[in-house]
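The structure appears below as structure tokens.
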Amino acid sequence: MHSDSILKSLNKAQCRAVTSNAPTVAILAGPGSGKTHTLTSRVVWLVQQAGYQPADIIVATFTVKAAREMKERIRKRLGEENERKIVLGTFHSIARRYLATYGKRIGLDSKFAIADDGDSRAIIQRIIKRLDLKIEPSHAKAWISKKKSKGTTSTPKNGKQKDHPSLDICYREYQEHLARANLLDYDDLLVRCVELLEEHPSCVSNVQAVLIDEYQDTNGIQYDLMKLFAQARQRITIVGDPDQSIYGWRSAEIKNLYRLLRDYPETDEISLEENYRSSQLILDMSLKVIQQDTKRYEKVLLPVHTKGTKPVLRKLRSSPVEGEWIVSELRRVTSMFGGSLKNEDVAVLLRSASLSRHIESALGKAGISYRMIGGHKFYERKEIKILLDYLRVVYQPDNNDAVARIINVPRRGIGEATIKSLLEEAEKSKLSLWALLWRHCRGGRQATTKIRPIMEQKLNTELLKIISALRKKAEQISEMGSFSLVDLIEQLVNQLNFQKYLEAEYEEEHEQRWANVQELFNLAGDFARDFGNPEEEELPEIDEVEQAKEDDILGRFLANVALASDAQSDDKQQDKTCQITISTIHAAKGLEWPVVFVPSVYGGSIPHSRADDMDEERRLLYVAMTRAKALLYLSCPMYGPQGLSNKVDLSPFVSSFAAAFDQKGPSFDRPVVESIGRILGRVVPSEKAIFDKLPPLFCPEDDKFPIEPFDPKEADPLDPDAETQSARPPKKQKTRYGPSASGERQWKPEYATTMEQSDGFTMSSMPAFVTAGALAASKVKATSSFNAEKIDSKRGPKTDPTNRRPDQRSLLGYITTESKAPATAMSRRIQPADYSLARYEAAASRAARLAAPQPNNVCNERKPAIDPEFARHKIRGSKPISRSPIGRPATSELPGREYACFSSSPPRQESPEPPKDEPSATVAAPPKACTSFHSTTFTAMKPVGGVRRPVGLGPPPSMDRLRKPFKPLTINRPQSQPRKP
DNA sequence: TCGGATCCATTTTTT
DNA sequence: ATGGATCCGA
């Protein structure tokens, strides 16, 4: 293949990234910039143009899905033969392969298995209970994992944070337990692999190139691993985007970017700036979100597409209503696009998998099928876990945890206490649980301290018999190398009478559960077919380096289960075409859809209530929003899924510019439909064809739900008495809660306002504002004393949620305790109801409201809506610092450097869309749009892309380069840093 | 004393 | 829908 065919699908920057001859290449790539494409192209280039052997290339990804995607793409371009030879997978799976092949050298038993999350948790929990350590299991687990993930990170932990002494004990015990059971947990896979490669570099002596996807998500140990993989030739290519770093909780360290530059001073840095995915308005809005992070490195996102429609921020009354609205909007979209947008083009992205409930039920009611990515995993299902535990015992009889879990699973009359006692006895006599049982039942030695009645013994023989028979069979399989993994599982299921067990255990549900078992057969069959040949995953042979052959299909299957916890939803599933996708945001990374819904955008959900890194939560929202190609909908209910007892506030990540969104879904008139068709590169049917297909009574606009929803807890807003709470039933606790209620009905929280005022947002999109003045004033007067109290007790001085203008100091700085009330009044806004809707809504919901259970604890207890952190965030809206076309710091600091070849801007595709109603989006972005500085690149000819260092982080000059890794002027950067080996 | 059943609060993100 | 704690029948 000629190089042209590799390069023709690439823009200039991508081209440079693909063909760079530098030993290390760092690609900073925003969302939708063709990251994966570039990485795969580089692999193709290395093989076809640089003459690398496929077997000498390692490609590490972060998630299973990304690995699959890469594999697929490489296969298409290099052929299956080559693709198979490339060592490609997640860090964990690659590490496992090395350990399986070479682990003996570091004293690892070749039959090690992987302890999954549940195993780890159970083990730690038991240790803590047994030793009566005064620590929380989840905390201990996280602590241990963090410790392992750190690698040789040079961060000198600020030691003042003293860790609980029990943690160390727990850690030690945990590791001992794992070792005894011959288990490695996820982190151990990496830790041990680092150990292996440090001591035996020959194992990777063949490696010519290492490529890392989603680099921003690597943690310390993965960084070490990457370096070790590459130790022979030091050729590394990484792709990443700090803005999409969402795995900090797994110890991902963005600073690995700087470490790379420090450790490999000759690194070629390239930015991919074109966004080929989203409409311009979607990008603008996403940037508004991410730019609230003042510490981030700004980078350019050049929209390739036209403006599109404004993203929507929809308010709904409650979570169930939010689900209904999504259904109705989904129907509206698919209908109004006359089949050119299908359900499969739509995704609902959630912060937590548990938020899917109300969405799922709404979709279920509407008869719309969906698939869920993330959340409950197939292998986590009870019935599957049982079978897998059996298989694990077959593979590894000494895995006490698995034995303990299955010992009584088709009920055998063995209770908790007995199991515990057995475990203790086993430990005392230095036997595994399995060996103890075996000896007790077969070996005649009735060593059991706790004697079991007759019945149990018989049943135990059953267990033992089944398992030992299966073990024999498993051995045969590995000898014959046949496809009988499925046979093995079938035999297990039959002998356990598993179907009958399911029927007995899960009356109504057993059919579904049995179907899951069938699915397990399918998955095992697929695995045997795809990976049945052990050579499939084999590492390349290296001269004079001895390998262990990994020929046990059962072991590999179990490892695959542990590492690919995400069930392959691809095939098998029924018509994918009519399914919408529900996914966690984390699981959606790297994917894209024409239409994206992000529901539940409220504080507590999107900055998750348990999250401690607000910046990461914000990036999460950014990732979610940038998945959308053409239509983006955020929505927020007034009450969380728990019902009327927890009122929620709009997420602070969008509250300061909520008015910049549309309040309801766009009208799909002809120009809109066509422009979206163009963004998606799809042909939309003619107007007539669309309208002919619309069902009767179809509502073409998004107005089935009120724009300003009513608080179902409110009294009838038309009743003047209600406003003063006198018409309220006593249960509403008017004395405590009453006066605030009038304020609470406003959906837009009071703190959102100073920003909007000062920021020059037009008020037209917030009609409520303008007309609310008098009403607000009078109401505030009546309630001000209450509010003072509320601030006092609920917020405290440090939690002022006001989004201030950058030049404004905290309001509370001026205000003494006595004078808080006026302050509240200043920032308070009341959204008057849309009365016509009010009338309708009030009537419609009256019955429901009365029937609804009254919360006994009205929601005064809600936590501060905004973390104090945010109060200090500067919002950049009014100060377009990023807009100066020339003379930006980058230019002034390093004058005279060459820009031209850094610029990644490709010859811009001429947009097929005529300017129409709007002036060309690229040239004349509205002054408010934060991204509009891109426009300057267009007019100034020389794109001045790149990174802006936040002010106030003045680093010493020598460190400078490390702190702003992707400045555009890095091609001939001085090599002041000595290379570290 | 053990095992089973019932009731209760709960549910971040992933390898 | 899952795990933990409590209670009751052998």
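Fair warning: this is a prediction, and the values are worked out from it, not measured in the lab. Numbers restart at 1 for each chain; the letters A, B, ... are given by sequence-line order, proteins then strands.
- Side-chain nitrogen and oxygen atoms of Asn219(A) include none within less than 4.0 Å of the OP1 or OP2 phosphate oxygen of dT15(B).
- A donor-acceptor contact under 3.5 angstrom links the side chains of Tyr174(A) and Asp185(A), judged on distance only.
- Side-chain contact, His177(A) with Asn400(A): no donor N or O sits under 3.5 Å from an acceptor N or O.
- In this structure, Ser93(A) reaches neither bases nor backbone, as no heavy-atom distance under 4.0 Å exists between it and the strands shown.
- Set against dG3(B), dT15(B), dG4(B), the side chain of Ala417(A) has dG3(B) as its closest nucleotide.
- Looking at Tyr622(A) and Gln244(A), their side chains never bring a donor and an acceptor atom within 3.5 Å of each other.
- A salt bridge between Glu195(A) and Arg192(A) is present, with a side-chain N of the basic residue lying under 4.0 Å from a carboxylate O of the acidic one.
- Between Ser352(A) and dT11(B), a side-chain N or O to OP1/OP2 separation shorter than 4.0 Å is absent.
- Nearest-nucleotide positions on DNA chain B for Ile419(A) and Leu620(A) put Ile419(A) closer to the 5' end.
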| said: Both atom distances under 3.5 Å, Watson-Crick or G-U wobble: I'd like the secondary structure of DNA chain B as a dot-bracket string, with | for pairs made across strands. | reply: |||||||||......
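- Of the candidate nucleotides dT11(B), dC2(B), dA5(B), dA5(B) has the atom lying nearest to any side-chain atom of Arg411(A).
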| query | In B/S/- notation, 5' to 3', how is nucleotides 1-10 of chain C contacted by protein heavy atoms closer than 4.0 Å? | reply | S-SS------
